[in-house]
Structure formats: structure tokens, C-alpha cells
Amino acid sequence: MKLYGYWRSSAAYRVRIALNLKQLSAEHISVHLVNNGGEQHFAAYHQLNPQHLVPTLVDKNADTELNLSQSLAIIEYLEEKYPQCPVLPNDAEQRAIVRSMAQAIACEIHPLDNLRVLQYLVNEMGVSEADKMRWYHHWIIVGFTALEQQLSQHSGRFCFGDSPTLANICLVPQVYNAKRFNVPLDDFPHIVRIYHECNQLAAFAAAAPEQQHDAS
Ligand SMILES: N[C@@H](CCC(=O)N[C@@H](CS)C(=O)NCC(=O)O)C(=O)O
């Protein structure tokens with residue numbers, strides 16, 4: 001398997017955690033999101049991922065090669081193809097709750113604070129750096145406020161019960177981003193506790209941005 005990603009990409013970070021939890025190895029290929037105008041826009045990369053986003057997973061099977069975009073689709077593919085160390089519960093209702101928490105992060109917070117959205121705000125709409133950061137903080141705080149309430153109902157040691165799931169896989173990179181841009185987290189005790197709990201596990205620690213070969 002090959003994973004095209006970038007050390008600071010939180011969507012790639014999710015897939016790295018899932019690979020580690022499942023004890024799967026992949027060749028990590030760096031697509032620098034900033035240098036050279038952003039290598040995600042290079043023609044060679046479009047062949048793999050027409051969305052101009054990382055991550056992309058390439059998995060060679062007997063006679064086919066799968067190019068897959070979208071971190072949640074990639075992780076669900078890994079879950080089905082490599083069921084060891086599952087990241088989704090067995091029970092349908094529990095799986096739905098885990099997906100609901102994961103999507104609260106991956107669909108409601110992350111896209112609004114993505115690089116290309118921030119670049120559009122500044123470069124095309126003339127938004128100041130200060131207002132860009134207000135936007136960034138705002139959407140994390142709105143999303144984390146709702147998630148904190150879900151966690152108060154469902155969390156144990158991790159987001160759902162006492163095993164790490166897809167919800168934790170999405171949570172940790174989003175908290176990493178929040179901390180990087182100094183979003184105040186005092187109102188989110190469950191989120192902060194679970195973030196630290198996850199990072200005690202080697203699968204999460206080894207996936208951290210600073211541990212990647214392209215970190216600079
Ligand atoms: N929903 C996508 C999001 C992918 C995404 O937004 N990736 C970001 C990095 S975290 C990216 O490639 N950004 C490039 C850009 O904004 O130009 C997923 O989960 O894979």
C-alpha cells in the first residue's frame with residue numbers, strides 16, 4: 001500500500017492512525033501542500049486524486065489497483081479489508097454513534113478550516129489574518145461544543161467506551177490543529193482528556209505530524 005499525505009494534513013493523520021491501530025504498513029509519499037504552489041495541484045497528482053486533496057491510498061490487489069480519496073472512505077475500506085483490530089464496534093447502533101461523532105468532526109469542522117478555504121478567505125475575499133483566525137477558532141468551538149455533549153453521554157476511556165474507534169481517529173488530529181492555533185480548550189474537558197489518553201497509545205503517538213519523515 002502507498003499513502004500520499006502530508007505531515008500536517010489532519011485527514012492524512014487520521015489514516016496514519018488507522019493503519020497503525022490495524023498494524024498495517026504503507027509507503028508514505030509526501031505531497032507538500034504549500035511548497036511550489038501546493039503539490040496537490042500538480043498534474044501527476046490529479047491522476048490519482050482529482051479533488052486536489054490529500055490523503056490518497058493506493059492499494060494493489062491481485063489484478064487491480066485501487067486509488068482511493070477521502071480519509072473516512074479509506075478507513076472504512078481498511079476496516080472491511082483488514083478486519084483485525086477493528087475501529088468500529090460490532091453493534092449497528094454503536095457503530096452509528098461512532099460514525100456520528102467522527103462525522104461531526106470530519107464533515108462539520110474540518111472542511112471549514114481547510115487550507116484552501118482559508119486561502120480563499122484571505123486571497124480572494126480580502127479577509128484579514130486576524131479575521132481568518134476568528135473564523136478558524138469559531139468553527140472548532142461550535143463543533144467541539146456539540147461533540148463535548150456527545151462525549152458526556154458516550155465516552156469511557158475513549159470517545160466511545162474503552163477502545164479507540166474512528167471517533168478518536170478523527171478527534172486527535174482536530175485537537176492537534178486546535179492546539180496549534182491556540183484555540184482555548186478549557187470548556188472541553190472530555191475532549192482534552194481523551195486526546196491525552198489517545199496519545200498514550202503508540203499507534204497515535206507514531207502518527208503525530210512531528211514524527212513523519214516530511215516534517216519540517
Ligand atoms: N474530506 C477529505 C478532506 C481532505 C483534505 O481537506 N485534505 C487537506 C489536508 S488536511 C488538503 O489536502 N488540503 C489541500 C488544500 O486545501 O489545498 C478527507 O477526509 O480526506
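Both backbone and side-chain heavy atoms feed into the values below; hydrogens, waters and symmetry mates do not. Note that ligands are numbered from 1 as they come in the structure, with each ligand's atoms numbered from 1 the same way. Counting begins at 1 with the first residue of the sequence.
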Notebook entry, point to check: Can you say whether the rings of Y176 and Y13 are parallel (under 30°), tilted (30 to 60°) or perpendicular (over 60°)?
Noted result: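 The arrangement is perpendicular - the two ring planes meet at more than 60°.
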Note to self: Please tell me whether H137 and F181 form a close aromatic pair, meaning their ring centres lie under 6.0 Å apart.
What the structure shows: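 Ring centroids of H137 and F181 are no less than 6.0 Å from each other.
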Item checked: Pair H46 + H52: ring centers closer than 6.0 Å ->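 Judged by ring-centre distance (under 6.0 Å), H46 and H52 do meet the cut-off.
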Notebook entry, point to check: With side chains defined as the heavy atoms from C-beta onward, is the minimum distance between L19 and M1 less than 4.5 Å?
Noted result: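 They are in contact (side-chain heavy atoms under 4.5 Å apart), so the answer is yes.
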Contact table ligand 1 N or O to protein N or O, d under 3.5 Å:
{"unit_1": "ligand 1", "atom_1": "1 (N)", "unit_2": "Q70", "atom_2": "OE1", "d": "2.7"}
{"unit_1": "ligand 1", "atom_1": "6 (O)", "unit_2": "N114", "atom_2": "ND2", "d": "2.7"}
{"unit_1": "ligand 1", "atom_1": "7 (N)", "unit_2": "V54", "atom_2": "O", "d": "2.8"}
{"unit_1": "ligand 1", "atom_1": "12 (O)", "unit_2": "V54", "atom_2": "N", "d": "2.9"}
{"unit_1": "ligand 1", "atom_1": "13 (N)", "unit_2": "N114", "atom_2": "OD1", "d": "3.4"}
{"unit_1": "ligand 1", "atom_1": "16 (O)", "unit_2": "R116", "atom_2": "N", "d": "2.8"}
{"unit_1": "ligand 1", "atom_1": "17 (O)", "unit_2": "Q40", "atom_2": "NE2", "d": "2.8"}
{"unit_1": "ligand 1", "atom_1": "19 (O)", "unit_2": "R14", "atom_2": "NH1", "d": "3.2"}
{"unit_1": "ligand 1", "atom_1": "19 (O)", "unit_2": "S71", "atom_2": "N", "d": "3.3"}
{"unit_1": "ligand 1", "atom_1": "19 (O)", "unit_2": "S71", "atom_2": "OG", "d": "2.6"}
{"unit_1": "ligand 1", "atom_1": "20 (O)", "unit_2": "S71", "atom_2": "N", "d": "2.8"}

Check: Does the pair K81/D59 count as a salt bridge with the N-to-O cut at 4.0 Å?
Finding: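 D59 and K81: salt-bridged.
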Notebook entry, point to check: Considering residues at least two apart in sequence or located in another chain, which fulfil the salt bridge (Lys or Arg N to Asp or Glu O under 4.0 Å) criterion with E39?
Noted result: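 E39: no salt bridge (Lys or Arg N to Asp or Glu O under 4.0 Å) contacts found.
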